Engineer: 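Please find one structure pasted underneath; my questions will follow.
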2 protein chains.
Amino acid sequence: MVDISPQRPQTRIQRRNTEAILEAALEVFSAQGFRGATLDQIAQAAGLSKPNLLYYFPSKEAIHLELLSGLMDVWLAPLRAMDPEGEPRAEIMNYMRRKLEMSREMPRESRLFANEILQGAPRMMEGIEGDLRTLVDEKAAVIRGWAEAGKIAAVDPHHLIFSIWALTQHYADFDVQVRAVLGPERDPFAEAGQFLDTLFERLIAP
Amino acid sequence: MVDISPQRPQTRIQRRNTEAILEAALEVFSAQGFRGATLDQIAQAAGLSKPNLLYYFPSKEAIHLELLSGLMDVWLAPLRAMDPEGEPRAEIMNYMRRKLEMSREMPRESRLFANEILQGAPRMMEGIEGDLRTLVDEKAAVIRGWAEAGKIAAVDPHHLIFSIWALTQHYADFDVQVRAVLGPERDPFAEAGQFLDTLFERLIAP
DNA sequence: TTAGGGTTTGACCGTCCGGTCAGAGACGGA
DNA sequence: TCCGTCTCTGACCGGACGGTCAAACCCTAA
């Protein structure tokens, strides 16, 4: 029996294999979408047989769900880290930079997320309407306070956050398009760092 | 025999049915992705039987391809319309506004496109590396000229275009997330119009 | 009205794919 | 060494799905 309960008294083999499976599943799901991925692909990428894979997870859906639920926290960490007591412009710029770095370091996670939202977020709606919305509203209130205090320009806080998401995730989710347009010599993420610094400096400067 | 050649001497029935199929396919593909969509779903949405659908198109892939190739031109039209002889700031702002309007009026097309790019653009690469790249490079050169003439701020033209894509398409592709965060009373697209006007005004002001 | 093509359908096929199962191997504690 | 549990596998199942086909239906132009 495999124990999927919160605290897992796992053997070495269990830990190694579940990790390999989740890693492989992230690779495949993010590249093919849920429906496009097959258990055979995931099993092969993980170096296991399909029945063996199903020994560790009860179903394809369970693997997907495990990835998504694990992702939510990681994904929101940078926003959570935005400090209401910090220096307003630095806090916003740092949030944006952390988010861009996540796009560079974790493009597969970004695409997994994008795939899910594109399909109408059938397996994430509760998390989005719950945790995510709560957190965004909370941070939006902080930003609004900064704007009212004249520390940053008066812009809609929710859309400011959306613009950070859109611009940073674009470089991960549309990577192939960006690279195809820029050509092989240019470094999208390095340039994006420069460009987005300029963009947001000008947007939030009081 | 159905004629799919460039100029089609179609009967009324043919035109009606191929249109119904493409409309239905757009609905289903954009919501489920290529792999997630089934011919039965498309046929049902089009009000036809599956074999009848396959009388008009040789395969699922062919329908998808027809949609994508038709989409490319529509999608790039606003950028094509950017006039090198026009007033620089107005041209850029109008391009952004047209793009945002397309996100509002054609969210399914936007999601179809996003789905394709996310999967690595297996069926669009030639178009992206060809037409799209050529057009973007051409317009980027125009924008660079405007910047060098001091008509707009000095920003990287390619990334300026990317930012317009990212910000406008975000409201179509991530619609469910945006609405879930904003709540049912707020109008995402109306607010986006305001916000993006401010953002790009500040970005490109010389 | 009727011949001929365009149009539609039910039945069917082969494959892919998620998932099951009985049992074989491997491993560790006593 | 031996036993019990954990781990792994080949063979298989049933449903979904893309696609085919022969035959029936219908529309229209002469």
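All values reported here derive from a predicted model rather than from experimental measurement. Quick note on labels: first sequence line is chain A, next is B, and so on, each numbered from 1.
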Engineer: Rounded to the nearest angstrom, tell me the gap between atom CG in B:Leu48 and atom P in C:dG10.
Structural biologist: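 Those two atoms, CG and P, are 13 Å apart.
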Engineer: Check every atom of D:dC21, D:dC8, D:dG19 against the side chain of A:Tyr55 and return the nucleotide holding the closest atom.
Structural biologist: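 Per side-chain heavy atoms of A:Tyr55, the pick is D:dC8.
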Engineer: Mind checking the CD1-CZ spacing from A:Ile152 to A:Arg89? Nearest 0.5 Å is all I need.
Structural biologist: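 Atom-to-atom, A:Ile152:CD1 and A:Arg89:CZ are 9.5 Å apart.
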Engineer: Summarise protein proximity over nucleotides 22-30 of chain C in one line of letters, 5' to 3': B for base, S for sugar-phosphate only, - for none, counting protein heavy atoms closer than 4.0 Å.
Structural biologist: ------S--
Engineer: In whole angstroms, how far is the C1' atom of D:dC17 from the NZ atom of B:Lys60?
Structural biologist: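 My rounded result for the distance is 8 Å.
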Engineer: Starting at CE of B:Met96, measure out to OG of B:Ser163 and round the result to the nearest 0.5 Å.
Structural biologist: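 The CE atom of B:Met96 sits 9.5 Å away from the OG atom of B:Ser163.
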Engineer: What's the spacing between A:Met72 CE and A:Glu116 CD if we round to 0.5 Å?
Structural biologist: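 These two atoms lie 10.0 Å from each other.
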Engineer: Report the distance from atom OH of A:Tyr56 to atom C1' of D:dC8, rounded to the nearest whole Å.
Structural biologist: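 My rounded result for the distance is 8 Å.
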Engineer: Could you tell me how far apart B:Arg16 (CZ) and D:dC26 (C1') are, to the nearest whole angstrom?
Structural biologist: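 Interatomic distance, CZ of B:Arg16 to C1' of D:dC26: 13 Å.
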Engineer: Between B:Leu160 and B:Phe200, is any pair of side-chain heavy atoms under 4.5 Å apart?
Structural biologist: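 Of all side-chain heavy-atom pairs linking B:Phe200 with B:Leu160, at least one is under 4.5 Å.
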Engineer: Taking the side chain of A:Asn17 as its heavy atoms from C-beta onward, which of D:dT20, D:dC8, C:dG19 lies nearest to it?
Structural biologist: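 Among D:dT20, D:dC8, C:dG19, the one nearest the side chain of A:Asn17 is D:dC8.
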Engineer: Of A:Leu100, A:Thr168, A:Ile164, which is the lone residue that meets side chain to side chain contact (heavy atoms under 4.5 Å, CB included) with A:Tyr95?
Structural biologist: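 When A:Leu100, A:Thr168, A:Ile164 are each tested with A:Tyr95, the side chain to side chain contact (heavy atoms under 4.5 Å, CB included) holds only for A:Ile164.
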Engineer: A:Asn52 has an atom CG; how far is it from atom P of C:dT20, in whole Å?
Structural biologist: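 Whole-Å distance recorded here is 15 Å.
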Engineer: Working to the nearest 0.5 angstrom, can you tell me the gap between A:Leu135 CG and A:Arg133 CZ?
Structural biologist: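 Separation between the atoms: 12.5 Å.
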Engineer: C:dT20 P sits how many Å from A:Leu53 CG, rounded?
Structural biologist: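 The distance from CG of A:Leu53 to P of C:dT20 comes to 13 Å, rounded to the nearest Å.
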Engineer: Does any residue of residues 33-41 of chain A have a heavy atom under 4.0 Å from DNA chain D, and if so, which ones, in number order?
Structural biologist: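 Here the set is A:Arg35.
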Engineer: Can you find a donor-acceptor N/O pair under 3.5 angstrom joining the side chain of B:Lys50 to the base of D:dG19?
Structural biologist: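 By the distance-only test, yes, there is a pair.
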Engineer: Tell me: CD of B:Gln44 to P of C:dT9, nearest whole Å?
Structural biologist: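 Atom CD in B:Gln44 sits about 13 Å away from atom P in C:dT9.
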Engineer: Could you give all pairs that pass the salt bridge (Lys or Arg N to Asp or Glu O under 4.0 Å) test and reach residues 25-36 of chain A, with sequence neighbours left out?
Structural biologist: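 Residue pairs with at least one partner in residues 25-36 of chain A: A:Glu27-A:Arg108.
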Engineer: Just to confirm, is there a sub-4.0 Å distance from OP1 or OP2 of C:dT8 to any side-chain nitrogen or oxygen of B:Ser49?
Structural biologist: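 Checking B:Ser49 against C:dT8: no side-chain N or O falls below 4.0 Å of OP1 or OP2.
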Engineer: What integer distance in Å separates B:Gln14:CD from D:dT28:P?
Structural biologist: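 Result: 13 Å.
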Engineer: Please verify the inter-ring angle class for A:Phe162 with B:Tyr171; under 30° counts as parallel, over 60° as perpendicular, anything in between as tilted.
Structural biologist: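 Perpendicular: the ring planes of A:Phe162 and B:Tyr171 meet at over 60°.
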Engineer: Say you draw a straight line from CG of A:Leu53 to CD of A:Gln44; how long is it, rounded to the nearest 0.5 Å?
Structural biologist: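 The CG atom of A:Leu53 sits 12.0 Å away from the CD atom of A:Gln44.
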